[in-house]
There are 2 protein chains.
Amino acid sequence: MTLPPSEGRLPLPPALPRENGRPSSPCALCAARQFSVCAPLDQDSQVRFFALATTIRLEQRRTLFQEGDPAGHVFNLTDGAVSISKALADGRRQITGFLLPGDFLGLQQGDSYAYTAEALTPIALCRFPIEKFQRFLSETPGMEHRLLSMASNELAAAQDQMLLLGRKTAVERVASFLISLSDRHAARGRPGSPISLPMTRGEIADYLGLTIETVSRAFTRLRKEGRIVLDTVDRVRFPDLGTLREIATGG
Amino acid sequence: MTLPPSEGRLPLPPALPRENGRPSSPCALCAARQFSVCAPLDQDSQVRFFALATTIRLEQRRTLFQEGDPAGHVFNLTDGAVSISKALADGRRQITGFLLPGDFLGLQQGDSYAYTAEALTPIALCRFPIEKFQRFLSETPGMEHRLLSMASNELAAAQDQMLLLGRKTAVERVASFLISLSDRHAARGRPGSPISLPMTRGEIADYLGLTIETVSRAFTRLRKEGRIVLDTVDRVRFPDLGTLREIATGG
DNA sequence: CGAGTCGTTGACGCGTTTCAAGTTCGGTGG
DNA sequence: CCACCGAACTTGAAACGCGTCAACGACTCG
């Protein structure tokens with residue numbers, strides 16, 4: 001299975017340098033040093049670690065795993081975008097996160113996944129069988145420390161999102177969403193503006209606890225007020241990140 | 001400073017057995033084995049661990065630390081109830097969690113607290129200086145594993161709360177809140193009904209992303225429909241947990 | 001060219017918020 | 001012991017932001 005020319009919705013870094021068969025983005029656990037507080041793995045550990053992984057690819061809109069599926073693997077996203085979501089019995093859905101290259105997913109307590117993971121674009125991942133991964137964890141000093149610090153960051157992000165969902169208006173939510181996407185791009189050394197939106201309005205709505213129509217109206221309002229420029233429907237520029245940030249925080 | 005007879009709002013376990021000066025509730029990190037996937041610490045490690053801690057007490061409504069304060073300690077709550085919250089500049093507030101005895105708080109990335117922690121009732125905590133705690137972590141096999149599993153559980157709870165905040169109605173939110181409190185009591189071996197509510201309607205509102213009035217109306221509606229019985233304003237009985245659970249999940 | 005998906009916009013309805021009284025209850029002081 | 005007070009809670013009425021329903025345009029793909 002090969003990755004189509006990738007003109008789904010996410011152009012992303014047109015082509016990150018590809019080193020001798022390894023995935024095109026560094027593995028968050030082993031190489032994304034800027035996100036970790038602990039010393040990176042040594043050369044030997046990295047080799048042992050990569051030996052555990054299989055690279056897999058998935059087409060746009062495919063489900064990686066569903067809430068309740070037996071949890072057999074953990075993953076590291078190397079290309080594309082993924083949504084993490086939970087749903088109620090009647091279909092109401094909440095997307096709890098969007099994952100970008102370098103993000104890690106699938107680790108949790110219990111023997112089944114607590115959420116659904118879907119490909120927003122064609123994706124590529126490193127896949128680790130969970131027992132092998134756990135064994136590597138326990139054998140490799142510093143790995144759990146690193147995972148703990150990643151989990152702490154996720155927890156802080158989750159709290160920000162709860163503040164958004166519980167207390168922000170529709171326009172504030174959309175502004176916050178755009179700011180956080182921009183910041184994530186900037187944190188990886190890519191420009192914070194313009195950015196591409198690999199997700200649809202419906203997916204943004206499910207992430208922000210709104211409807212498609214309300215998200216669309218918020219985009220329109222931000223555009224008419226000059227806070228954003230929509231080059232295309234999935235490409236946004238920010239003439240003034242400072243003001244947008246103020247809108248996002250209700251300041 | 002001594003703890004008053006504790007008739008604030010939280011009678012809680014009237015008097016857990018108190019062993020030779022140790023806090024009345026077991027430390028989540030060392031003793032609450034039912035919440036951990038890893039082997040408990042050995043006797044020696046426990047002794048070394050407790051040597052790091054100071055027991056402190058705080059009166060009702062006092063702030064333990066605020067969002068932005070330099071982070072100097074981590075804590076383990078041993079008695080009472082604590083709220084964790086974040087706020088916007090204009091005062092809108094979101095409570096992201098309620099902590100009960102046995103819960104752990106204060107560990108995060110960065111050198112300042114990312115949220116505010118307040119005593120809902122008179123509280124007692126074990127306090128660990130963060131550097132000593134970190135050193136103990138790195139010296140004690142299994143500790144980071146345990147913290148990681150705790151963080152994973154918190155992350156799963158945070159995702160549930162996002163689903164609640166983004167997609168549930170007011171009555172569903174209140175029902176979910178009551179169910180989760182009941183479940184937490186049951187998980188600690190205490191009766192799941194009746195339960196006491198150590199927090200005010202305003203604090204419940206800030207947790208559920210609602211207003212005081214809406215929370216009150218939801219309580220009234222659940223009461224009139226026979227789903228709950230309010231012995232007093234802060235004591236709830238559940239005649240039929242199954243039906244309440246269905247309401248909570250929109251099923 | 002027709003069908004389908006996605007996004008935008010308008011009109012209207014509804015659930016929650018806002019504003020405003022009241023009620024209950026525990027604590028305090030006369 | 002009781003009157004008073006304030007905090008917390010409840011209830012009602014009106015306002016409003018977001019959801020729902022519907023129409024339509026832009027674009028893609030057969």
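To find a chain, count down the sequence lines: A is the first, B the second, and so on, and within it residues start at 1.
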Rounded to whole angstrom units, what separation is found between the [atom1] atom of [X] and the [atom2] atom of [N]?
{"X": "Arg223(B)", "N": "dC9(D)", "atom1": "CZ", "atom2": "P", "result": "14 Å"}
{"X": "Phe219(A)", "N": "dG7(C)", "atom1": "CZ", "atom2": "P", "result": "9 Å"}
{"X": "Ile212(A)", "N": "dT5(C)", "atom1": "CD1", "atom2": "P", "result": "13 Å"}
{"X": "Leu222(A)", "N": "dT8(C)", "atom1": "CG", "atom2": "P", "result": "12 Å"}
{"X": "Arg235(B)", "N": "dC25(C)", "atom1": "CZ", "atom2": "P", "result": "16 Å"}
{"X": "Leu210(B)", "N": "dG17(D)", "atom1": "CG", "atom2": "C1'", "result": "15 Å"}
{"X": "Arg221(A)", "N": "dT8(C)", "atom1": "CZ", "atom2": "P", "result": "16 Å"}
{"X": "Leu197(A)", "N": "dG7(C)", "atom1": "CG", "atom2": "C1'", "result": "13 Å"}

What nucleotide, of [options], holds the atom closest to the side chain of [X]?
{"X": "Val233(A)", "options": "dT10(D), dC9(D), dG7(C)", "value": "dG7(C)"}
{"X": "Thr211(A)", "options": "dT10(D), dG19(D), dT9(C)", "value": "dG19(D)"}
{"X": "Arg201(B)", "options": "dG7(C), dC9(D), dC18(D)", "value": "dC9(D)"}

_When you measure from the side-chain N and O atoms of Thr220(A) to the phosphate of dT9(C), is any distance below 4.0 Å, counting only OP1 and OP2?_
yes

*Does a nitrogen or oxygen in the side chain of Thr214(A) sit under 4.0 Å from OP1 or OP2 of dG19(D)?*
yes

*asked:* Less than 3.5 Å apart, any donor N or O on the side chain of Lys168(B) or Ser176(B) sitting next to an acceptor on the other?
replied: yes

*Please tell me which of Leu230(A) and Val215(B) maps to the more 5' nucleotide of DNA chain C, matching each residue to the nucleotide holding its nearest heavy atom.*
Leu230(A)

*Got a second to check how far Glu154(B)'s CD is from Glu154(A)'s CD, nearest 0.5 Å?*
12.5 Å

*Can you tell me how far CZ of Phe238(A) sits from CG of Asp240(A), rounded to the nearest 0.5 angstrom?*
11.5 Å

*Please evaluate the base of dG17(D) for a donor-acceptor partner in the side chain of Arg217(A) within a cut-off of under 3.5 Å?*
no

_ring-ring contact (aromatic ring centres under 6.0 Å, His included) partners of Tyr113(B), counting only residues at least two apart_ = Phe65(B)

*Tell me, please, whether Phe219(A) has Arg201(A) positioned over its six-membered ring: NZ or CZ under 6.0 Å from the ring centre and within 45 degrees of its axis?*
yes

*Which residue pairs pass the salt bridge (Lys or Arg N to Asp or Glu O under 4.0 Å) test with at least one member in residues 209-222 of chain A, sequence neighbours excluded?*
Arg221(A)-Glu225(A)

*Taking salt bridge (charged side-chain N to carboxylate O under 4.0 Å, His left out) as the test, write out the residues that go with Arg92(B), two or more places apart.*
Glu172(A), Asp90(B)

*Tell me, please, which residues at least two apart from Glu118(A) pass salt bridge (charged side-chain N to carboxylate O under 4.0 Å, His left out).*
Arg93(A)

*How would nucleotides 22-30 of chain D be written as a contact map, 5' to 3', with B for base contact, S for sugar-phosphate-only contact and - for no contact, using protein heavy atoms under 4.0 Å?*
---------

*With a 4.0 Å heavy-atom cut-off, tell me which residues in residues 164-175 of chain A come close to DNA chain D, sorted by residue number.*
Thr169(A), Ala170(A)

*Do Arg173(B) side-chain atoms and Leu165(B) backbone N/O form a donor-acceptor pair below 3.5 Å?*
yes

*Within a strict 4.5 Å, meaning less than it, do heavy atoms of the Asp234(B) and Ser196(B) side chains meet?*
no

